Amino acid sequence: MTDASAEPAPLRDVVQRGLWFEEFEQGVRYLHRPGRTVTEADNVLFTTLTMNPQPLHLDAAWSAEQPFGQRLVNSMFTLSTLVGQSVGQLTQGTLVANLGFGAVAFPHPVFVGDTLYGETVVESKRESASRPGQGVVVVAHTARNQHGEVVATASRTMLVWLREAGERLPTAGSAGRNEAEASG
C-alpha cells in the first residue's frame with residue numbers, strides 16, 4: 001500500500017537538445033531519422049513561397065516533355081530538409097549561428113514520393129579565437145533517397161556553444177517560468 005498523503009517526488013526535467021561543442025566527434029556518422037517523404041504539396045508550397053516560377057517544379061505537362069519526364073522537387077527544399085533533419089540530433093538549442101554553406105551539390109534528382117534520409121559527418125572543429133564559450137564546427141551533410149542514392153551534399157560551418165557557456169543560457173521555451181519553477 002502507498003500513503004496517499006505522501007508528497008510525490010519532484011520530477012527531474014530533461015530538455016531535448018543538440019550537441020555541445022565538446023560532444024561533436026570527428027569520424028562519426030550521425031544518421032538522422034525518421035526519413036521524410038516528399039509530397040506534391042511540399043514542392044508546390046515551398047516553390048511558391050520562395051517566389052520561384054521554375055516550370056520544372058510547377059508545370060507537370062511541360063516537365064513531362066523535359067529530360068526527366070516529370071517535375072523535379074525544388075533543390076532548395078531538398079537542402080532545407082537535409083539541414084532540418086539534423087537539428088534535433090545535432091544543434092537544437094546549442095547552435096549560435098550558421099556561418100556558411102559550401103560545396104552544395106545535387107547529384108541525383110528528387111521526385112514527389114521520394115523519401116529523404118539525412119546523415120552528417122563532422123569534418124573538423126575548433127574553439128573560436130574571437131568568441132569565448134563558442135566553437136566552430138564544420139560538417140558534411142548527405143541526403144539519400146529510399147534507394148540509397150545520394151541526392152544532395154553540402155558542407156556547413158556553424159558556431160556552437162561550449163557546454164559550460166551554453167548551460168548558463170535559458171533553455172528554449174523557458175520564457176515565462178517563474179523563479180520558483182526555474183530554481184526548483
Side-chain angles (χ1 to χ4, degrees), residues 13-21 23-125 137-161 171-173:
D13 291 340
V14 176
V15 177
Q16 181 177 342
R17 65 162 173 84
L19 303 177
W20 300 119
F21 173 81
E23 295 173 308
F24 280 92
E25 292 183 52
Q26 286 183 251
V28 173
R29 181 173 52 187
Y30 299 90
L31 303 176
H32 312 305
R33 301 296 184 266
R36 173 68 158 76
T37 302
V38 181
T39 68
E40 181 171 353
D42 295 329
N43 188 47
V44 171
L45 183 60
F46 185 91
T47 299
T48 56
L49 281 173
T50 57
M51 299 180 66
N52 180 344
Q54 178 54 253
L56 275 172
H57 307 312
L58 300 171
D59 188 330
W62 184 83
S63 295
E65 306 282 328
Q66 300 307 306
F68 291 104
Q70 61 181 306
R71 286 172 294 159
L72 301 176
V73 169
N74 187 313
S75 58
M76 293 296 100
F77 175 83
T78 302
L79 179 62
S80 294
T81 301
L82 170 58
V83 172
Q85 286 178 317
S86 75
V87 169
Q89 190 173 19
L90 299 182
T91 63
Q92 184 170 325
T94 58
L95 180 76
V96 177
N98 280 317
L99 299 178
F101 288 86
V104 176
F106 303 101
H108 189 79
V110 175
F111 303 109
V112 169
D114 283 349
T115 300
L116 303 176
Y117 296 94
E119 57 191 61
T120 302
V121 174
V122 177
E123 293 186 327
S124 66
K125 69 180 210 175
V137 180
V138 178
V139 299
H141 290 301
T142 301
R144 299 176 189 277
N145 66 15
Q146 68 277 12
H147 306 295
E149 298 163 318
V150 175
V151 296
T153 59
S155 173
R156 177 180 172 203
T157 304
M158 40 193 197
L159 195 60
V160 277
W161 289 106
T171 59

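Because the structure is a prediction, the values reported are computed rather than measured.
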Euclidean distance, [Y] [atom2] relative to [X] [atom1], rounded to 0.5 Å:
X	Y	atom1	atom2	value
F21	K125	CZ	NZ	4.5 Å
T50	L45	OG1	CG	9.0 Å
R29	T120	CZ	OG1	11.0 Å
L19	Q92	CG	CD	11.0 Å
N43	D114	CG	CG	11.0 Å
T47	N74	OG1	CG	4.0 Å

[X] versus [Y], closest heavy-atom pair with distance:
X	Y	answer
E23	Y30	O-OH, 3.7 Å
E123	A140	OE2-CB, 3.4 Å
Y117	N145	CD1-O, 4.1 Å
V122	F24	CG2-CD2, 3.7 Å
S86	H32	CB-NE2, 3.4 Å
M158	T91	SD-CG2, 3.8 Å

Note, L58 side chain near T48 side chain (heavy atom, < 4.5 Å)
yes
May I ask you to test the S155-V138 pair for a side-chain heavy-atom distance under 4.5 Å?
yes
Criterion side chain to side chain contact (heavy atoms under 4.5 Å, CB included) on V38 and F111, from CA distance to verdict:
CA-CA 8 Å; V38 181; F111 303 109; over 6 Å; no
Using modelled atom types and a 3.5 Å cut-off, is there a donor and acceptor pairing between side-chain atoms of [X] and backbone atoms of [Y]?
X	Y	value
S63	H57	no
R33	G118	yes
H141	T153	no

Considering only residues two or more places apart or on different chains, which pairs with a residue in residues 69-95 satisfy salt bridge (charged side-chain N to carboxylate O under 4.0 Å, His left out)?
E40-R71
Listing, residues 96-110 side-chain donor-acceptor contacts under 3.5 Å, not counting sequence neighbours, or none:
unit_1 : atom_1 : unit_2 : atom_2 : d
N98    : OD1    : R156   : NE     : 2.8
N98    : OD1    : R156   : NH2    : 3.0
H108   : NE2    : E149   : OE1    : 3.2

